[in-house]
Protein chains: 2
Amino acid sequence: MAEKDKIDKKEHLVEVAERVFGELGYEGASTRLLAQEAGVNMAMLNYYFGSKDGLLKAVVERRILLMRKGFEEIAQKDASCWEKLDQVVQLYVSRVATSKYFHKILFREISVMRTGSEVTEFVIDHIYGNTLHVQQIIEEGIKKGEFRAVDVEMTVASIFGTVNYLINSRRLASKMLKMDLLDDQVLQNDMKPRLQAYLQDSLKTHLLIK
Amino acid sequence: MAEKDKIDKKEHLVEVAERVFGELGYEGASTRLLAQEAGVNMAMLNYYFGSKDGLLKAVVERRILLMRKGFEEIAQKDASCWEKLDQVVQLYVSRVATSKYFHKILFREISVMRTGSEVTEFVIDHIYGNTLHVQQIIEEGIKKGEFRAVDVEMTVASIFGTVNYLINSRRLASKMLKMDLLDDQVLQNDMKPRLQAYLQDSLKTHLLIK
DNA sequence: CAAAGTTAATCAATCGATTGATTAATTAAC
DNA sequence: GTTAATTAATCAATCGATTGATTAACTTTG
């Protein structure tokens, strides 16, 4: 009972922090606000995570662990490279669309040059690992003659960049796409399938031999 | 002399602030550091720009004014839609590659939900204007039968997203592309033409009727 | 089982440091 | 000599972090 409450409270703080960090940025989110939003005493933040940076680390690690697997599994499937690539892209879009705050945090973390935070290294390694999976699928497709000999790394950057751009700048993207992406319903039901369809078409014409 | 010194000093502060804001983010860059890096007294910041937010606004407005024109000029040229699109993309990549700090600021500004800063609205309107130019060129190409009937807004988001991703996360991008993008020489001589060539190829296969 | 001992969780209060901003006094310019 | 530019000093507010005290829960002992 008490044990469960403790865990729930700590976990709850991490969940809330993901949203607050995502909305306000690392420096913009004060420890007081983080604690207040989670309904816990300020001191608990340091008691649980040692520091504000420790809390950010917890946020990032939690979500990254939840996301491990998936990419590897698809990569090892016995399917055509196109099928594998398509599945990976669909999965990536789904994930980003359902954990938007987290991906804002990720991109801000690798964008800002915060002096020597270990979180940054951790994030870069994680994302790089993800890009590598996609890269290898495309390279395999090229070697097998299934794909055109494109610039693989750029193609990967394009996939990640497109998704990132639309999700992390939702006010701008709302204007561009003429739909309210701040509304989760719209994001899930309208924008997500549209983005998936676009990437599918785009990659198909770009990669597949005609 | 004094008039000139004053202007130079003010202008210098804006230039330095662009770099510091770009490196550390808005909240991460303190007014003291901003003033110190520019070699001026901190009070001058408020004297010149009224507030920290005013300085950010000055940074953004200055660069945006420098960037006005260019897109419009190309859009009004008497050329094929493909030629116009190609030129716009080349120009965009060039600009982003030569003002990397600024584009970090732009994207962070539209990514973070800072409560009601007028700078945010300004930035969104500016970027949206840029995307509209590209969008109209593509739409014209489709209407003329020069391009395939693709998802125009998504195509535009893909162009901007790809460039943004590579420039704003240069540590990650350096790993992906296996080149040191923190080195301006490499960025200009290796990465920039490679990105331009990729976008050209990608858009060509995606848009042009075969 | 019950009293004593032990640990983890939580709190209000406060720490020194830093934040953005402002003041009053001084200097430079025309 | 008056206006504009610049400075050091200082402001209240807030920052992240820590303190000592208190509570709750579990363990040990007899």
Side-chain angles (χ1 to χ4, degrees), chain A residues 1-18 20-60 105 108-109 112 114-120, chain B residues 1-18 20-60 105 108-109 112 114-120:
Chain A
M1 181 91 70
E3 182 71 11
K4 187 162 176 300
D5 275 0
K6 165 199 152 193
I7 294 182
D8 283 355
K9 217 163 182 176
K10 191 175 174 182
E11 170 67 16
H12 180 60
L13 180 51
V14 177
E15 275 175 21
V16 170
E18 180 175 317
V20 178
F21 277 138
E23 286 176 343
L24 303 177
Y26 180 78
E27 332 270 350
S30 74
T31 53
R32 277 170 184 78
L33 179 64
L34 287 163
Q36 181 186 324
E37 291 278 303
V40 303
N41 189 282
M42 268 198 61
M44 299 312 294
L45 193 155
N46 295 86
Y47 180 72
Y48 287 144
F49 307 101
S51 67
K52 184 185 180 183
D53 197 65
L55 174 56
L56 176 66
K57 193 177 169 189
V59 169
V60 169
I105 295 173
R108 205 172 305 128
E109 194 61 23
V112 177
R114 288 208 296 124
T115 44
S117 166
E118 55 174 325
V119 183
T120 306
Chain B
M1 184 88 72
E3 183 69 12
K4 187 163 176 298
D5 274 3
K6 166 198 151 192
I7 293 180
D8 282 355
K9 217 163 179 176
K10 193 174 172 181
E11 169 67 16
H12 180 61
L13 180 51
V14 177
E15 275 176 21
V16 170
E18 179 175 318
V20 178
F21 277 139
E23 286 176 344
L24 303 177
Y26 179 77
E27 332 270 349
S30 73
T31 52
R32 277 168 185 78
L33 180 64
L34 287 162
Q36 181 186 324
E37 291 278 302
V40 304
N41 189 285
M42 332 180 7
M44 299 310 293
L45 193 154
N46 295 85
Y47 182 71
Y48 288 143
F49 307 102
S51 67
K52 184 185 180 182
D53 198 65
L55 174 56
L56 175 66
K57 192 177 169 189
V59 168
V60 169
I105 294 173
R108 205 171 305 127
E109 194 61 23
V112 177
R114 287 206 298 124
T115 45
S117 167
E118 54 175 326
V119 183
T120 307

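We name chains A, B, ... by the order of the sequence lines, and we start the count at 1 in each one.
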Next on the checklist: Measure CE/A:M44 against P/D:dG16 and give the value in whole Å, please.
Outcome noted: 18 Å
Checklist entry - Looking for any heavy atom pair under 4.0 Å, which part of the strands does A:A29 touch: base, sugar-phosphate only, or nothing? => result sugar-phosphate
Item to check | Minimum heavy-atom distance A:V59-A:A17, with the two atoms named | outcome: CG2-CB, 3.8 Å
Please list, for nucleotides 24-26 of chain C, all pairs of protein and nucleotide N/O atoms separated by less than 3.5 Å.
none

Item to check | Side-chain heavy-atom pair A:I105, A:L56 within 4.5 angstrom cut-off | outcome: yes
Checklist entry - When the distance from CG of A:N46 to P of D:dG20 is rounded to whole Å, what number comes out? => result 15 Å
Checklist entry - With a non-hydrogen cut-off below 4.0 angstrom, is B:T31 in contact with a base, only sugar-phosphate, or nothing? => result base
Next on the checklist: Both A:A43 and A:G28 contact DNA chain D. Taking the nearest nucleotide for each, which residue is further toward the 5' end?
Outcome noted: A:G28
Checklist entry - Think A:K10 has a side-chain N or O under 4.0 angstrom from the OP1 or OP2 of C:dA9? => result no
Item to check | Value in whole Å for how far the P atom of D:dA9 lies from CG of B:N41 | outcome: 11 Å
Next on the checklist: A side-chain contact here means heavy atoms from C-beta on lying under 4.5 Å apart; do A:E109 and A:V60 qualify?
Outcome noted: no
Item to check | Interatomic distance where CG belongs to B:L56 and C1' belongs to C:dA21 [whole Å] | outcome: 17 Å
Checklist entry - When you measure from the centre of the six-membered ring of A:F49, is the NZ or CZ of A:K10 under 6.0 Å away and within 45° of the axis? => result yes
Checklist outcome for this item: Tightest non-hydrogen contact, residues A:K9 and A:Y48, listed as CB-OH, 3.9 Å
Checklist entry - In whole angstroms, how far is the P atom of C:dA8 from the NZ atom of A:K9? => result 17 Å
Item to check | Whole-Å distance separating the CD atom of A:Q36 from the C1' atom of C:dA12 | outcome: 15 Å
Item to check | C:dT18 phosphate, OP1 or OP2, under 4.0 Å from B:S30 side-chain N/O | outcome: no
Next on the checklist: Could you tell me how far apart B:R32 (CZ) and D:dT10 (C1') are, to the nearest whole angstrom?
Outcome noted: 10 Å
Checklist entry - Are side-chain heavy atoms of A:L55 and A:F21 found at a separation under 4.5 Å? => result yes
Next on the checklist: Between P on C:dT10 and CE on A:M42, what's the gap in Å once rounded to a whole number?
Outcome noted: 16 Å
Item to check | Residues in side-chain contact (heavy atoms from CB on, under 4.5 Å) contact with A:A38, at least two apart in sequence or another chain | outcome: A:H12, A:L13, A:V16, A:V40
Checklist entry - Hey, is the side chain of A:Y48 poking within less than 4.0 Å of OP1 or OP2 on C:dT10, counting only N and O atoms? => result yes
Next on the checklist: Please tell me if B:S51 has a side-chain N or O lying less than 4.0 Å from either OP1 or OP2 of C:dG20.
Outcome noted: no
